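Here is the naming used below: chain letters follow the sequence lines, and residue numbers restart at 1 for every chain. Bear in mind the structure is a predicted one, so any value in this text is a computation, not a measurement.
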Protein chains: 2
Amino acid sequence: MHGQTVEVIAQRILTGQFAEGSTLDITALQTEFDVSLTVLREALKVLAAKGMVDARPKRGTFVRPRADWSLLDGDVLRWQFARSAQPSLFEDLHELRGIVEPGAASLAAVRASEADVAALDAALAAMAAAGTDASAAVAADLAFHRALLAATHNELLVRMEVVIETGLAERDRMVHGALGTDDPVPSHRAVVDAIRARDPGAAASAMRLLLKKAFDDVARIGS
Amino acid sequence: MHGQTVEVIAQRILTGQFAEGSTLDITALQTEFDVSLTVLREALKVLAAKGMVDARPKRGTFVRPRADWSLLDGDVLRWQFARSAQPSLFEDLHELRGIVEPGAASLAAVRASEADVAALDAALAAMAAAGTDASAAVAADLAFHRALLAATHNELLVRMEVVIETGLAERDRMVHGALGTDDPVPSHRAVVDAIRARDPGAAASAMRLLLKKAFDDVARIGS
DNA sequence: CTGTCAAGATATCTTCGTAATTAATGGTTA
DNA sequence: TAACCATTAATTACGAAGATATCTTGACAG
């Protein structure tokens with residue numbers, strides 16, 4: 001498959017190599033990637049679906065303004081980080097988590113079912129069991145935040161997991177396996193305890209504390 | 001363009017007419033819409049970009065599990081509401097706004113520039129000028145919430161406008177031009193005042209109040 | 001007799017080169 | 001000046017050939 005064609009063009013747009021408003025030279029891209037028009041066309045169709053390009057007869061295929069790009073799309077987020085780390089985007093991402101996740105925790109405290117709490121407990125256990133295995137720790141962390149969003153029983157909130165997922169992946173890449181100074185389990189357990197106690201305010205507070213710790217870790221190690 | 005082909009197939013998937021995991025009969029769709037394979041293929045490529053379908057050689061093109069759909073995508077949101085109003089999704093949407101917008105207001109209180117505040121004031125003025133013109137009122141409302149997100153200077157938060165936009169459009173459709181009982185300007189002005197005063201907590205509270213009022217209006221009129 | 005494995009057949013997606021359609025452009029005429 | 005029509009550059013659509021992963025079949029070993 002020529003799946004990499006999409007990715008390369010996307011990254012050129014995201015990095016500004018293909019500026020907003022500029023028209024793409026289809027023929028040049030065709031010869032560069034050595035693919036048929038159909039292949040290129042389908043790649044551009046994917047980017048069009050994500051609001052990054054638009055095609056009009058006689059005017060050509062051009063890059064849409066950045067304001068129209070689906071930055072909340074999982075693919076777009078990954079493409080952004082794939083080439084080079086973008087500190088500002090990472091900060092935006094963490095900031096969004098800082099808003100969404102405490103709210104989600106609060107909601108989960110009201111809505112969580114027994115099964116939801118069990119899933120959170122399981123993620124907690126996996127986190128404890130991970131120990132020094134960085135990859136397992138990241139997986140458990142992701143499972144925890146996924147379970148939290150699922151516990152809100154709000155489909156749109158659940159889809160925010162693409163943002164959290166990318167944030168965790170990027171954080172993991174930045175700290176490069178270097179674990180946080182202190183055990184992550186207690187801060188996570190505090191969230192679960194608050195949810196089990198059906199205390200929305202406490203759940204939100206615990207989650208804010210958790211996120212602050214996580215971000216401080218990155219700032220310390222990354223600097 | 002056969003843009004409607006995408007929309008029809010998308011809606012069939014979203015409504016469950018094409019169940020998760022089921023494989024699509026390409027030939028049947030081709031004859032039904034009377035389009036070539038290429039056209040159908042590009043339509044499916046768009047849906048694939050939004051995580052709704054996947055194609056594998058020999059296995060066919062099948063509907064991906066609902067958990068993979070990009071529900072935060074503007075097109076997907078519109079398609080969901082296009083056919084029939086989905087109360088639960090509307091509630092989810094409002095709930096998400098209830099989490100994101102107070103947080104955004106709080107952030108805006110810290111970050112907003114003079115220009116941002118001016119934009120909020122302009123939206124406020126437009127809202128006052130709209131009077132009984134429902135369409136102008138909706139436009140001003142949208143402009144206000146857009147300006148608020150922009151004032152956070154967080155690109156990802158700004159992109160949440162697709163969610164807010166859909167929410168407002170659907171609310172407008174539900175109340176069908178029937179304006180809220182009381183003037184919307186004061187509640188909105190309270191948010192701007194708090195931002196101008198650089199008071200994050202007050203901004204968040206004012207926004208929560210605003211959203212509660214808006215939702216109550218819908219609940220009252222919609223019932 | 002049963003389970004495992006490998007090689008071939010096949011259904012489906014994928015790609016190609018060419019023809020048709022579209023809309024912006026520039027010149028012409030009333 | 002304004003409306004209209006031919007030109008033309010680009011997207012859009014087509015039908016057929018190519019590639020690929022899956023399924024089937026058969027043989028072999030346990």
Side-chain angles (χ1 to χ4, degrees), chain A residues 1-13 17-66 68-70 74-75 78-79, chain B residues 1-13 17-66 68-70 74-75 78-79:
Chain A
M1 232 264 282
H2 286 103
Q4 59 188 41
T5 301
V6 194
E7 196 163 331
V8 171
I9 298 176
Q11 286 180 359
R12 289 194 188 163
I13 293 175
Q17 192 173 341
F18 288 161
E20 302 173 54
S22 64
T23 66
L24 304 180
D25 186 341
I26 304 296
T27 322
L29 289 171
Q30 208 175 324
T31 57
E32 178 186 352
F33 294 108
D34 191 35
V35 293
S36 82
L37 179 61
T38 309
V39 174
L40 191 55
R41 190 172 165 64
E42 294 198 338
L44 291 171
K45 204 83 182 175
V46 171
L47 297 181
K50 297 184 188 306
M52 294 176 68
V53 301
D54 197 7
R56 299 275 193 80
K58 180 68 182 173
R59 284 167 63 112
T61 300
F62 51 89
V63 180
R64 290 179 64 180
R66 186 182 178 89
D68 294 334
W69 303 350
S70 302
D75 293 326
R78 257 187 304 101
W79 291 333
Chain B
M1 231 265 284
H2 287 101
Q4 58 189 40
T5 302
V6 193
E7 198 163 332
V8 172
I9 299 176
Q11 285 180 0
R12 289 196 188 162
I13 293 174
Q17 193 172 341
F18 289 161
E20 301 174 54
S22 65
T23 66
L24 304 180
D25 186 340
I26 304 297
T27 321
L29 289 171
Q30 209 175 321
T31 58
E32 178 185 353
F33 295 109
D34 191 35
V35 293
S36 80
L37 178 60
T38 309
V39 174
L40 189 56
R41 190 171 165 64
E42 294 198 336
L44 292 171
K45 203 82 180 175
V46 171
L47 297 181
K50 298 184 189 305
M52 295 176 68
V53 302
D54 197 8
R56 300 277 193 79
K58 179 67 183 175
R59 284 169 60 116
T61 301
F62 51 90
V63 180
R64 290 180 64 181
R66 186 181 177 90
D68 294 334
W69 303 350
S70 301
D75 293 326
R78 256 186 304 102
W79 291 333

What nucleotide, of [options], holds the atom closest to the side chain of [X]?
X	options	answer
A/A55	D/dT8, C/dT14, D/dT11	D/dT11
B/T61	D/dA13, C/dC13, D/dA21	C/dC13
A/L37	D/dT12, D/dA9, C/dC13	D/dT12
B/T38	D/dG15, C/dT15, D/dT12	D/dG15
A/I26	D/dT11, C/dT15, D/dT8	D/dT11
A/P57	D/dA13, D/dT22, C/dA23	C/dA23
B/V35	D/dT12, D/dC14, C/dC16	D/dC14

Grab the [atom1]-[atom2] distance between [X] and [N] for me, whole Å please.
X	N	atom1	atom2	result
B/K58	D/dT22	NZ	C1'	6 Å
A/D25	D/dA9	CG	C1'	13 Å
B/K45	C/dT15	NZ	P	7 Å
B/L40	D/dT12	CG	C1'	15 Å
A/D54	D/dT12	CG	P	8 Å
A/L44	C/dT15	CG	P	14 Å

Is there a side-chain contact between [X] and [Y] in this structure, where contact means two heavy atoms from C-beta onward sitting under 4.5 Å apart?
X	Y	answer
B/D75	B/R78	yes
B/L44	B/I26	yes
B/W79	B/I13	no

Discussion item. Let's go through B/I9 and B/F33 carefully: what are the C-alpha distance in whole Å and the side-chain angles of both, what is the deciding distance for side-chain contact (heavy atoms from CB on, under 4.5 Å) to 0.1 Å, and is it a yes or a no?
Written reply: CA-CA 10 Å; B/I9 299 176; B/F33 295 109; 4.1 Å; yes
Fill in: CZ-CD distance between B/R12 and B/E7, expressed to the nearest 0.5 angstrom
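Going from CZ on B/R12 over to CD on B/E7, the span is 12.5 Å.
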Worksheet item: Looking across every strand, which nucleic acid part, if any, lies under 4.0 Å from B/R41 by heavy atom: base, sugar-phosphate, or nothing?
Response: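 Base, at least one base heavy atom under 4.0 Å.
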Worksheet item: When you match A/V39 and A/R59 each to their closest nucleotide on DNA chain C, which lands nearer the 5' end?
Response: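 Closer to the 5' end of DNA chain C: A/V39.
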Practice prompt. Nearest-nucleotide wise, let me know which of A/R56 and A/Q30 is further upstream toward the 5' end of DNA chain C.
Written response: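 By nearest-heavy-atom nucleotide position, the 5'-most residue is A/Q30.
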Worksheet item: Does B/S36 make a side-chain N or O approach to OP1 or OP2 of D/dC14 shorter than 4.0 Å?
Response: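 Checking B/S36 against D/dC14: at least one side-chain N or O falls below 4.0 Å of OP1 or OP2.
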